Amino acid sequence: MIDSPHIVISDLTKRFGKKEVLKGINLNIKKGEYIVILGPTGAGKTTLLKIIAGLLPPTSGRISTDTGDITDLPPEFRNLAYLPQTSDYSLFAYMNVWNNAIFSPKMKDEKSLQEITTIGNEVLDLVNLRHRYNALPHELSGGMKQRVALARAIATDASIFLLDEPLRALDARLRIILRTEIKKLVTDLKKTTFHVTHDQEEALAVADRILIINEGRIIQFGTPQEIYQRPKTLFSAYFFGITNLLPVSFKDLKDDKMIFSVGNHTITALASLGEISETSEDLKDEYVLAIKADSITVSSIPSTEGLGLNEFNGSIENLYYLGKWIHMVVVVETFPKQMVIAIPSTEMRKYKLNSDVLIKFDIEDIIHYNEPWEKVKQLEDS
Amino acid sequence: MLQKDRGQLDRLSIRLANLTSKREFNTTWYIFVFLFFFVLVLFPTIYVLGKVILEFPAINDSVLSNTEIQSQIISALFYSISVSIFVTIVDLIFGLPIAWTLVRKEFRFKSLLNSFIELPLAVPTAGLGFSVALFWGVTPNVETPIFAVQLIKNALPILILFHFTTTFPYVVRSLTAILEEIDVTLEVAARTCGASKFTAARTVTLPMFRSGVATAMVLSLAKSLSDTGGVVTLLATIQSATQTGTTLIGTWKHAFEDKTPVPGIPYDSLVPSTAFLAAIMIIIALTLVFIAKMIARNARLPFRKVFPSFEWTVSEGKAPQARQIVAFGFLIIFVIVPSLFLVAYLIQGASLAAFSSANWVLFGQSIFMTVLVASIATIVNVVLGVPMAILIARKSDRFSRILDAMVDIPYVVPSSALGLSVGFFWTDQSILPVNELFFVIMAHISMTFPFIVRNTLGGLSELDSAYEDVARTLGARPMQTFKEITLPVIKFSIIAGAIMSFTRSVGETGATLAVSPSSITAPVFIVNLIKNDQNYFLAALTTLILIFISSLLIFTLRASISRAKRR
């Protein structure tokens with residue numbers, strides 16, 4: 001991977017009337033990187049893609065690529081390929097597969113007919129659809145359509161791919177197959193890719209780096225591991241995986257450990273695992289802890305003697321069977337919330353409803369945020 | 001196998017795409033389209049309003065001091081307004097069940113009925129007026145076919161009957177268009193909650209129907225306020241001296257050009273009176289349409305309360321069937337038969353004497369002129385109306401919303417008022433040398449411009465702009481994108497708009513009479529034959545030829561669309 005930046009976005013904002021959709025986006029993307037943009041509906045994901053594509057003018061800010069500043073170029077001169085969110089992968093409905101695939105070189109008129117034919121054959125070979133060259137889009141399955149759209153994008157020879165929810169509307173199994181296929185294809189061709197989704201699992205699986213945006217702001221930009229294990233904000237903590245958000249009060253700071261009280265209990269966390277609050281007002285001692293469901297250990301034998309550090313007795317209120325995993329809902333007395341714990345379903349027979357258990361939080365897995373408690377409710381309600 | 005070699009034409013089109021995709025070119029072109037609309041379509045249409053305001057002293061002197069002029073204006077306006085409102089209401093009452101049945105029910109003669117409903121649209125109103133008068137009216141001078149009802153002597157009832165035939169097809173069409181888009185499952189959901197069919201339809205579907213009802217009301221009001229040729233032939237055939245707003249404009253304008261005195265009105269007062277009347281007609285039309293839109297948007301249609309036992313009764317057993325029979329009976333007796341009655345007359349009246357006495361030269365000239373005017377107007381409108389529609393649909397800012405609202409104004413303005421206004425505009429300017437034919441063409445352009453824009457807008461709304469976006473990022477220039485992506489989707493809408501524009505222009509009398517009384521287009525020829533020459537046979541024949549031209553176009557379009565859809 002070359003380290004010089006391929007795309008640089010600086011101070012990008014977009015306003016629709018009074019509504020500010022993007023609030024100062026700054027990004028540095030390396031050549032060949034696969035970036036997944038993740039965020040809830042209305043976060044500004046599609047707007048960002050459209051601005052990069054040149055379909056919307058930014059209110060302020062610049063975008064440049066290795067070829068120079070492209071902010072004022074019309075889309076057809078930006079040398080990128082955009083796949084918007086439409087029901088049929090935006091294939092041109094009345095053109096057959098072949099004409100869809102060679103649309104770009106034909107329009108650009110830089111190549112001879114012979115070359116265009118070669119390109120068409122090449123890209124259809126890449127997606128294994130050469131034999132269907134004469135089919136119309138509506139005659140193809142969802143997965144095939146997606147492949148044709150990809151072939152058409154590859155035929156542009158663009159160095160940047162913008163994919164807006166490319167796997168939407170496909171069934172779960174095909175989504176998993178295709179996401180790997182797309183990733184391999186564009187990585188082999190050294191394309192720099194932006195892939196918008198709101199499926200966190202998809203993001204973790206394919207991204208080199210994940211960009212989380214919410215309400216027009218970058219929440220976090222990092223590798224999947226960073227984002228999963230060390231979410232910078234409560235929002236990204238909640239967004240990935242099953243996360244228990246526990247409202248607690250700050251009690252004491254001893255050396256490198258922070259002690260929080262919750263109900264009649266105390267929880268000890270590492271001071272270094274704290275993230276700064278997004279809210280600027282003085283919050284006194286309100287904190288929220290984020291603990292991933294799969295990081296909690298559980299034992300079917302409750303402790304009768306003294307409890308160890310971050311150990312609690314509770315009882316099982318519910319068990320949800322999810323195939324490979326079980327979600328166990330545990331009530332700990334005086335905790336403001338039930339805890340959700342993920343355990344492998346092979347261990348299911350050890351547990352019964354309403355029986356008592358011992359749960360333990362690993363000190364390395366507790367991340368604390370100096371945020372108001374209402375924020376938990378806000379997140380869970382949205 | 002896969003590629004043909006690129007020919008001369010292809011190269012040219014690419015070069016053209018490169019040229020037209022320059023930003024300056026684009027901007028210039030859109031500014032031109034926009035100016036054309038404002039300066040040459042919209043402004044002439046309402047020019048008379050400004051003229052009346054500027055020359056108010058003259059109008060004050062000649063119109064407002066003359067009781068004869070005032071009483072003529074008031075009487076004409078009474079007929080225009082009362083007829084249009086009454087007709088619109090009755091149209092809605094009978095149009096709803098018919099539209100409902102056409103969309104939701106399957107029955108044997110559905111497709112036949114579907115084409116029959118549109119039939120009156122192909123009949124030029126000048127001929128339609130004659131046909132309706134023959135069927136319903138007492139016609140002292142004309143020998144009527146044997147089935148004629150021959151009942152009505154007065155102007156008001158026959159005006160109402162006539163306007164049913166002209167407006168009903170529009171009402172049914174705009175209602176079915178919206179109804180087709182409403183999801184039936186919502187109504188089914190209401191019925192699973194225990195509502196009767198009638199209650200479900202009334203409380204669930206009808207409120208979603210507002211836009212359809214609004215369109216139907218606007219079309220019906222505008223059309224019935226506007227019709228001139230049909231009213232002239234209708235009233236001439238039953239020998240009534242009654243005038244409506246639009247015919248009065250035509251009569252006065254004609255009297256002015258011919259220098260014939262009108263009893264009780266000084267010659268000098270004719271032009272100010274006509275301008276004043278036209279301005280009032282425009283204001284009334286715009287106001288009524290605005291009120292209709294407000295009612296359709298805000299009214300709780302028809303009321304919120306539910307009457308379970310009554311509504312179950314009308315939903316069950318024989319009641320729905322009875323409703324349908326009444327609605328279709330209305331359609332056949334009041335719309336289809338009267339508009340086709342002319343054919344019966346033609347068959348009965350055909351004779352060698354009638355053929356040999358006809359003025360075939362004028363007949364040929366009038367048909368030629370009609371087709372010429374309609375063709376030029378339609379071509380100009382397609383070239384400028386399609387970009388206008390794209391401007392409105394694809395640049396969604398406040399400016400395009402204003403344009404969107406303004407496009408319909410020429411449609412709402414009564415055609416005689418429009419013709420008069422356009423005439424004033426071109427006579428008052430001294431930049432371009434103009435002649436009568438030019439007047440007529442410009443009036444027809446203004447009048448039919450909304451048809452192209454509306455239809456194209458309808459087509460554009462079917463195409464997600466994301467496809468155009470993709471084409472652009474794939475390297476297509478704006479012009480190439482239009483040609484490759486947009487045009488294939490909207491072309492049938494454009495053709496449909498062009499045909500509506502063409503047939504409307506072919507059938508138009510009022511605007512032509514008001515802009516240039518000496519220009520004899522076919523509908524004017526028909527009016528003259530009936531009103532002045534009492535040559536009913538030739539009038540009927542001319543009508544039939546115009547029907548033939550229009551329906552040929554309509555059926556070609558339908559056939560080509562259904563062929564394209566099957567593919």
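No hydrogens, no waters, no symmetry mates; every other heavy atom, side chains included, goes into these values. Here is the naming used below: chain letters follow the sequence lines, and residue numbers restart at 1 for every chain. Every value quoted in this text rests on a predicted model; they were computed, and no experiment measured them.
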Chain A: which of S465(B), A466(B), A476(B), A471(B) shares the most heavy-atom pairs with it under 4.5 Å?
A476(B)

So for atom [atom1], which belongs to [X], do other residues, nucleotides or ligands contribute more than 12 heavy atoms lying within a distance under 6.0 Å?
| X | atom1 | result |
| --- | --- | --- |
| E215(A) | CD | no |
| K23(A) | NZ | yes |
| K183(A) | NZ | yes |
| Y94(A) | OH | yes |
| R104(B) | CZ | yes |
| K50(A) | NZ | no |

Under the criterion side chain to side chain contact (heavy atoms under 4.5 Å, CB included), I'd like the reasoning laid out for R152(A) against V470(B): C-alpha separation, chi angles, the key distance, then a yes or no.
CA-CA 10 Å; R152(A) 186 178 66 182; V470(B) 173; 3.3 Å; yes

Atom group of E468(B) that falls short of 4.5 Å from chain A, counting heavy atoms:
neither

Measure distances from D469(B) to the heavy atoms of chain A and classify the residue's part below 4.5 Å as side chain, backbone, both or neither.
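Answer is both: backbone and side chain atoms of D469(B) are under 4.5 Å from chain A.
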
For residues Y467(B) and F92(A), report the shortest heavy-atom separation together with the two atoms involved.
O-CE2, 3.6 Å

Interchain contact, [X] with chain B, by part (heavy-atom threshold 4.5 Å):
| X | value |
| --- | --- |
| Y82(A) | both |
| L162(A) | neither |
| L55(A) | side chain |

Interatomic spacing from CD1 in I485(B) to OG in S90(A) - rounded to 0.5 Å
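Separation between the atoms: 10.0 Å.
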
If you measure from CD1 on I160(A) to OG1 on T473(B), what distance do you get to the nearest 0.5 Å?
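The CD1 atom of I160(A) sits 11.5 Å away from the OG1 atom of T473(B).
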
Residue that, paired with R477(B), satisfies side-chain contact (heavy atoms from CB on, under 4.5 Å) out of K108(A), M107(A), E76(A):
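Single side-chain contact (heavy atoms from CB on, under 4.5 Å) partner of R477(B) among K108(A), M107(A), E76(A): E76(A).
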
Among A155(A), P84(A), G54(A), which residue has the highest count of heavy-atom pairs closer than 4.5 Å to chain B?
P84(A)

